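As the structure is a prediction and not an experimental result, all values here were calculated from the model. Counting convention: from 1, in listed order, for ligands and their atoms alike.
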Amino acid sequence: MLDVKTTRETLERHSQSHVLQFFDELAPARQQTLLEQIATIDFDKVDGWVEHYVRTKPTVQSAGDIQPPQIVPARPADDQTAAAHAAALAEGEELLAAGKVAAFTVAGGQGTRLGYEGPKGCLEATPVAKKPLFRVLAEQILAAGRRAGKPLPWYVMTSPANDVATRAFFRQKKFFGLAPEDVFFLVQGTMPAFDFDGKILLTEKGQLALSPDGHGGCLPALRRSGALDDMARRGIELISYFQVDNPLVRCIDPLFLGLHAARHAEMSAKALPKRDPMERLGNFCVVDGKVTVIEYSDMPEDLARACTEDGRLKFSAGSIAIHILSRSFVERLTAGDACELPLHRAEKKVPYVDQAGVTVTPDKPNAVKLEQFVFDALPLAGETVILETLRSEEFSPIKNATGEDSLATSLHDQVRRAAEWLEEAGVAVPRDADGQIAAAIEISPLLADCADALVGKIPPDLDLSAGQAVYLSPAGVES
Ligand code: UTP
């Protein structure tokens, strides 16, 4: 049993003794769990967090020199760029064939906006086959491994709240056809939620209010879990990082990998041209010479709206959380467990037990949560490639229950993209008077993960004129 006396002393030193207020009422097992939870918290850091992030709102540093970054275009406009892309594509394919690439999904988020019960990766998210998000990603990884002649390992980050359910789902679905030994789960860390006075909240008498420490928590988690060592044993050099909730993501992109490798970059990113200056995407900037993502909420409006001489948006590149990380970079950042990305503060509604032992469900934000964001590692990278991608090809996340960035908008975008790939290959896709696609169409990632990969794989008798729902997979066409 962890020692309650020492714990009490630590808590007193840091003005957090209240978390043991109900300790004597708890059964021994609950007491032990609470002590274990408390032991996960680094109280030497808590005082600083409370002072700098909880009691006061950190002010956004107005950085000295902010410039737009250099962006590699999605489609080369001249012969020189086309040649560089072709060489990078070949290099990316070689890296894959040599088994030097791993897939990495961060899936530890709480998905509060979506409000789905269970890990978000289990959500059925495709228009015809109703595949869960995890399967959409798994099939791409499987297909990339088959194309390269070398299976890719897949690292999946979970949180303490969804780890058991995530692993059970993978087992139940037989790892979606992947070899179980090539799937590595790692659990991210947690952070306590504080009230506005800096006191750690209890969600129950014997339970701290803990939540995942943000997707930036993946960097220390990669080291702590042994994932980095596992990668080293397998000869992995590059980590393809993506989120669980964007079914359009191209998980393994040889061009992106090759551009990163050719530049000897440490961390790279894909970017989208923003729809409008105030779109809620992080902004790629170069701040004092370092590639940096400035969150939409931190970007001064005059900068967000600034234009170039020819009238285009100066800071047009938005971040969509698709990265390549060199393993050596993650090793360097996390050496000696010293990975300290900045914290981001968010005010949230967190149910809590008050001093009288009564559970309160707040109707307005009552708590501060602190998270790390993975893009804050970008300025620490020696070299970075920012590759532009097309929104229509690669970004339609499922964040909200309704409205924009919801399952409905993502399903629509998946059908639209499948139709565009088929049209590019010469298939007639029926559209209504408004140009909307008249049928649900889904293309299995096992058949193709981009328009080019579809060439030569479409059954010659494919006929969509009846407007029926169609699923194209290596097994043929189901409708
Ligand atoms: P979001 O920032 O969209 O957060 O995560 P979320 O938790 O999924 O959803 P909300 O904000 O509660 O509604 C983007 C990606 O980062 C992962 C998520 O699983 C998602 O793939 N993530 C987020 C983590 O892995 N850990 C975290 O602590 C936060």
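From the protein, the heavy atom lying nearest to atom 23 (C) of ligand 1 is Gly109 CA, 3.6 Å. For atom 5 (O) of ligand 1, the closest non-hydrogen atom on the protein side is Lys399 NZ, 4.0 Å. Of the protein's heavy atoms, Gln188 OE1, 2.6 Å lies nearest to atom 26 (N) of ligand 1. For atom 17 (C) of ligand 1, the nearest non-hydrogen atom of the protein is Val106 O, 3.7 Å. Remark: minimum distance from atom 25 (O) of ligand 1 to any protein heavy atom is reached at Gly108 N, 2.7 Å. In this structure, the protein non-hydrogen atom closest to atom 12 (O) of ligand 1 is Thr112 OG1, 2.5 Å.
When the options Gly115, Ala321, Gly214 are ranked by their closest heavy atom to atom 27 (C) of ligand 1, first place goes to Gly214. Across the listed options Arg113, Glu371, Gln243, Arg113 owns the non-hydrogen atom lying nearest to atom 2 (O) of ligand 1. Closest to atom 16 (O) of ligand 1 by heavy atom, among His215, Gln110, Met157, is His215.
Taking the six-membered ring for Trp and the full ring otherwise, the centers of Phe170 and Phe185 sit less than 6.0 Å from each other.
Asp197 places no side-chain N or O within donor-acceptor distance of the main-chain N or O of Lys199, the cut-off being under 3.5 Å.
Using the six-membered ring where Trp is involved, Phe169 and Phe176 have ring planes that are tilted, between 30° and 60° apart. His344 and Phe375 have perpendicular rings, their planes meeting at more than 60° on a 0 to 90° scale where under 30° would count as parallel.
There is a side-chain donor-acceptor pair under 3.5 Å between His412 and Gln436.
Residue contact check for ligand 1: Gly111 places a non-hydrogen atom closer than 4.0 Å to it.
Of all the atoms in ligand 1, the ones that sit under 4.0 Å from a non-hydrogen atom of Lys120 are 8 (O).
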What donor-acceptor contacts under 3.5 angstrom involve side-chain atoms of residues 99-112, with partners at least two apart or in another chain?
| unit_1 | atom_1 | unit_2 | atom_2 | d |
| --- | --- | --- | --- | --- |
| Thr105 | OG1 | Trp154 | NE1 | 2.7 |
| Gln110 | OE1 | Lys369 | NZ | 3.1 |

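Residue Arg263 qualifies as enclosed at atom CZ: its count of foreign heavy atoms under 6.0 Å is above 12.
Both the backbone and the side chain of Pro212 come within 4.0 Å of ligand 1, judged by heavy-atom distances.
For the pair Ala304 and Pro277, the tightest heavy-atom approach, listed with the atom from each and the gap, is O-CB, 3.4 Å.
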